[in-house]
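To keep things clear, I will list the structure first and then write my remarks on it.
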Amino acid sequence: MRYLTNLQPLKLTVVASLVLTATLSVSAIAEGPTPAEQAQATADTRQGLFKIIGRYFGPIVGMARGQIPYDAAVVEYNASKINQLASMSTDLFSKDTSEFDLETGALPGIWKNQDDFNAKAATLVETSAALAAAASEGKGPAMKAFGKVGGACKGCHDDYRQQD
Amino acid sequence: MTVPPTPVTTPVNKVAQDQAHRLIWDLPLRLVHWSIALCFAGSWITAEAGFDWTETHFTFGYCTLGLILFRLLWGLVGPTHARFSSFLKGPRHVWRHVQHLRQAGGPEAPGHNALGGWAAVILLTALTVQAGTGLFLTDDIFYAGPYNPMVSADTASWLAGVHHWSFRVLQGLVATHLLAIAWYQFRLKQNLVVPMLSGKKSAARVAASDAIQSSALWRALIVALVAGLSVWLLLYLAPEPIVADYF
């Protein structure tokens, strides 16, 4: 009986430390993502945008190669989607993430020469709009316009996307 | 009007009978050499020239593969100085040649010297890596090498790294090649450029017994057909590219 009462303070300490640990861990979770985690999430979102662009791009590449028949409606639809997505790219790159060590192919030059980067992004907006307009003119003119879309991609990749 | 009489020449050993000059480099070997140089320059320019030149870049790469294959086969069945067995020497020979590099007056090999032979092998190896990796790459936009669908995106990206690095190595090797030619010209007083154009070296430089009898053009034609067909088959057997219409 005596030693049971002696245990009391110890019990109290155990309970108190358990509660404290739990509170600390909850508050750690409640703190939310660190700046590095936010930056990585931004990079992931940017990559997602380009994956979606790739999804609309792919079938037109298939038509250019002659793997699938030319379909003006698909080209017009996909080009207009690329056009909308392209207009989002400068928004997604507005936050400079170059100070973080991220899994990304985005080069720091994007934020050092942001005007040039934005101008190159605008080229994709323009050329994809032109492709949507050219789709109804037939495969020849459409593929010529499509070549310019590809050129817009490459123009930006050459300067701002990490080469292996 | 009188027709001047055609000089009678015996086609057999015509070149070998030329007292002033001796045939060292056969015509196919020279054509392959200069074609590789052309492909090197062409693929460099088309790589820099941008999107619209990608297909031409590919063509230069395929030609390079065919030329390398020809040169490898020719190294087995070609005339004497084209054969690997005639010019690949052990380290002792190489070291002896290096010691003769200081000044003019050392012995001159009729074909590749002990050092130059290995230089050719190294250049061919680098070219093989360069052209070979190209088959697997993609620009992630429109163009992809014929074997890109066979590898994962990560592998393709790694091979792209090799392709870019091996080009730097190749640039260094070509620069070394040109500097070596200048060294032989100005320091050792051996002109290597003219023989690679005409195929011939003067009798003063080369013994009659070292001259090759002919360019073996018929054999070259067969080897060229084998090399050309092999590259064609390589491209013909390439997998159909995937149409990327999935999320």
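Predicted model only: the values in this text are computed from it and were never measured. Order of the sequence lines sets the chain letters (A, B, ...), proteins ahead of strands, with each chain counted from 1.
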Check whether more than 12 heavy atoms from other residues, nucleotides or ligands sit under 6.0 Å from atom [atom1] of [X], and answer yes or no.
X: Q99(B); atom1: CD; result: yes
X: W95(B); atom1: CH2; result: no
X: K148(A); atom1: NZ; result: no
X: Y70(A); atom1: OH; result: yes
X: W111(A); atom1: CH2; result: yes

Side chain proximity check, R161(A) to D140(B), heavy atoms < 4.5 angstrom: yes

Gap between atom CD of Q67(A) and atom CD of E240(B) - 0.5 Å precision: 4.5 Å

Gap between atom OH of Y143(B) and atom NZ of K154(A) - 0.5 Å precision: 10.5 Å

Leading residue by heavy atom contact count with chain B [cutoff under 4.5 Å; candidates G150(A), G54(A), C153(A)]: G150(A)

Heavy-atom pair with the smallest gap, counting every atom of V61(A) and I141(B): CG2-O, 3.7 Å

Atom group of I53(A) that falls short of 4.5 Å from chain B, counting heavy atoms: neither

Toward chain B, the part of F50(A) with a non-hydrogen atom under 4.5 Å: neither

Polar side-chain atom of R65(A) near backbone of F142(B) as donor-acceptor pair, under 3.5 Å: yes

Under 4.5 Å from a heavy atom of chain A, the part of I242(B) involved: backbone

Chain A contacts, top residue of G161(B), S157(B), G50(B) (heavy-atom pairs, under 4.5 Å): S157(B)

